Amino acid sequence: MGVGDPFGMPVAHGMAAGMGGIRTAGDLVARMQMTRKMRIKEAKAYVAEKLKVSPADLSNEHVMREIREELDLGIITAVPGCAKGIEAKARIAELLGIEINSVKRLKDKIAF
Amino acid sequence: MKKYLTRMGDGQRVEMTADEMMKDFELGTQDAARRGKIDPLTQEDLNYLLEIFTDTNKIVSVEPGNEVVLTHDIGTLRLMGDQCNSGVGIPLSRIQGIGVHERAFAADTFELGHIDYSFKPVKPIISMEQQEMETAQLSAIIPLFYGAMPNLGLYYRPDGPFGNPSDLMPLGKIQEAREAQEEAVEHAIRDMIYISEKMFLAGADGINFDTTGAAGDTDMKATLHAVEHLKKHTDLSVEVGMAGEFVLGIHGALEYDGVRLAGLYPHQQVKLVEKAGADIFGPVVNTNTGKSMAWNLARAVTFIKACVEAANIPIHVNVGMGVGGIPVFETPCIDSVTRASKAMVEVAKVDGL
């Protein structure tokens, strides 16, 4: 992204063109770009297929809030009982079929 | 003729007619095409830019479904830092800052970064950075990079052990300046690998090499070699973000994989970044404060469109203040920021910002 005050930079770009992070499926699409070098269309298609939705639904809060709750992938508001932090990431790694470094580290730590 | 509110490259608000803006789009795209030896934007592209600029709403956005992934630089410094990084001075810990970005700003990804935001100063305090990354990874859901600048400038006197090219070159000591830079490259590679491997052990999802090339071709050479090593020896994701639109030839003769680094533009830079193994590339196009935003954005979109077409990896264009067509102004004007966002996504077809 770039430098600028928070309202003028991450908030403004997020509103104009961002996927919406864990409000929607932004983190999931990002992980496919990061781990498989997927371009945006390919990454969205991959995640959409895993979630059984259309690529356009990935940035639709109304669709994604329900899916994230159902699959327990972590949601943006603070709801007791929902997967938090690394708990959510462990489920995301499983869903997307990728390795997440911190999740692997946790598994190594608890394998005693 | 009807006039529309727009901006100059320094952020000053001006009024321009549609014809005046179209003329600046044409001049901007031709400037990029001439410098980069790339295709100018098509008439269809220019017409779409005009649509974006003549939208009388203050804020514009991409069409639903066209959203892209956002990666960040400068980490949480934009919250707790000072003016140097457009920071707003809120006394927060870095882990709190990551939470704010994930949960209040809905960031798709984020990063941890040292207060100096350069690799070299991290080396002596690496265990503190690892500790912070380990703790952050427990609570974050979004992917977390460790972000830092290669910043080869810190390896030259008086900050580092090697002769300063800026002192040596005016004295005509060109060979000495080159040798100092070559030594700095070797040290920087070792430092970046050391720090990145430690962050991998701490659970980082990736490394963001930010403002690559700030100290010229030495900076880029060191980064590419560090990336190559990290992609061979770790599972880290790597993003390489640039400092400027072309690589400055401070050394002038450095090469990577047989290609001279000095003078490369984004569509050429990305091929080397891919060869090194990086996963995401963040190209930069500088803003000219004396020209209109129409000129600047058309020029930036021209360079980035060529880069996107040349690339096989995701392109996350830099669109901070002063780059990517956005005016050089610390409090970025929202109308300009959102127009640059939309143009980069829908005309240049970037994969992220």
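To find a chain, count down the sequence lines: A is the first, B the second, and so on, and within it residues start at 1. The model shown is predicted, which means the values in this text are computed figures rather than measured ones.
Of all non-hydrogen atoms in Ser102(A) and Gln137(B), the two that sit nearest each other are OG-OE1, 3.3 Å. Smallest separation of non-hydrogen atoms from Asp108(B) and Gly26(A): OD1-CA, 3.0 Å. Residues Arg78(B) and Gly2(A) come closest through the heavy atom pair NH2-O, 3.4 Å. Of all heavy-atom pairs spanning Ala12(A) and Val337(B), the tightest one is CB-CG1, 3.7 Å. Between Val11(A) and Phe105(B) the shortest heavy-atom distance is CG2-CD2, 3.8 Å. The heavy-atom pair separating Ala16(A) from Val60(B) by the smallest distance is CB-O, 3.7 Å.
Of the listed residues (Ser59(A), Ala83(A), Ala88(A)), the one with the most heavy-atom contacts under 4.5 Å to chain B is Ser59(A). In terms of non-hydrogen atom pairs under 4.5 Å with chain A, the most contact-rich of Ala311(B), Gly322(B), Pro64(B) is Ala311(B). Most heavy-atom pairs under 4.5 Å with chain B, from the set Met15(A), His13(A), Lys89(A), Met9(A): that is His13(A). Listed options Thr234(B), Val317(B), Val308(B) were ranked by heavy-atom pairs under 4.5 angstrom with chain A; first place goes to Val308(B). Of the listed residues Asn85(B), Val345(B), Ile334(B), the one with more heavy-atom pairs under 4.5 angstrom with chain A than any other is Ile334(B). Per-residue heavy-atom pair counts under 4.5 Å with chain B were compared for Arg23(A), Arg39(A), Arg105(A), and the maximum is reached by Arg39(A). When each of Gly20(A), Gly14(A), Gly74(A) is checked for heavy-atom pairs under 4.5 Å with chain B, Gly20(A) comes out on top. The choice from Glu87(A), Lys84(A), Lys41(A), Lys44(A) that makes the most heavy-atom pairs within less than 4.5 Å of chain B is Lys44(A). When the candidates Gly352(B), Ala107(B), Pro314(B), Ser237(B) are compared by the number of heavy-atom contacts under 4.5 Å with chain A, Pro314(B) comes out ahead. By number of non-hydrogen pairs under 4.5 angstrom with chain A, the leading residue of Gly65(B), Ser61(B), Pro332(B) is Pro332(B). The choice from Ile141(B), Val62(B), Thr338(B) that makes the most heavy-atom pairs within less than 4.5 Å of chain A is Ile141(B).
If you measure heavy-atom distances from Asn312(B) to chain A, the contacts under 4.5 Å come from the backbone alone. Only the side chain of Glu99(A) comes within less than 4.5 Å of a heavy atom in chain B; its backbone stays farther off. With a 4.5 angstrom heavy-atom cutoff, Pro6(A) touches chain B via backbone and side-chain atoms both. Looking at Leu77(B), neither its backbone nor its side chain comes within 4.5 Å of chain A, counting heavy atoms on both sides. Using a 4.5 Å cut-off between heavy atoms, Phe200(B) touches chain A through backbone and side chain atoms alike. Contact annotation for Ala30(A): both backbone and side-chain heavy atoms come within less than 4.5 Å of a heavy atom of chain B. With a threshold of 4.5 angstrom between heavy atoms, Leu73(A) approaches chain B through N, CA, C or O but not through any side-chain atom.
Salt bridge annotation for Lys104(A)-Asp235(B): absent, with no cationic side-chain nitrogen under 4.0 angstrom from a carboxylate oxygen.
For the pairing with Ile142(B), the side chain to side chain contact (heavy atoms under 4.5 Å, CB included) check across Ile22(A), Ile92(A), Leu28(A) returns one residue only, Ile22(A).
Counting non-hydrogen atoms of other residues, nucleotides and ligands closer than 6.0 Å to CD of Glu61(A) gives a total above 12. The number of heavy-atom neighbours closer than 6.0 Å to CD of Glu94(A), taken from other residues, nucleotides and ligands shown, is 12 or below.
Taking CG of Asp279(B) as the start and CE of Met34(A) as the end, the distance is 8.0 Å to the nearest 0.5 Å. In this structure, CG in Asp5(A) is found 10.0 Å from CE in Met321(B), a value given to the nearest 0.5 Å. In this structure, the separation between CE on Met19(A) and CG on Asn66(B) is 10.5 Å, given to the nearest 0.5 Å. Taking CD of Glu102(B) as the start and CG of Asp27(A) as the end, the distance is 7.5 Å to the nearest 0.5 Å.
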Does the salt bridge (Lys or Arg N to Asp or Glu O under 4.0 Å) test come out yes or no for Arg31(A) and Asp205(B), once each step is laid out?
CA-CA 9 Å; Arg31(A) 286 199 184 276; Asp205(B) 293 287; 3.1 Å; yes
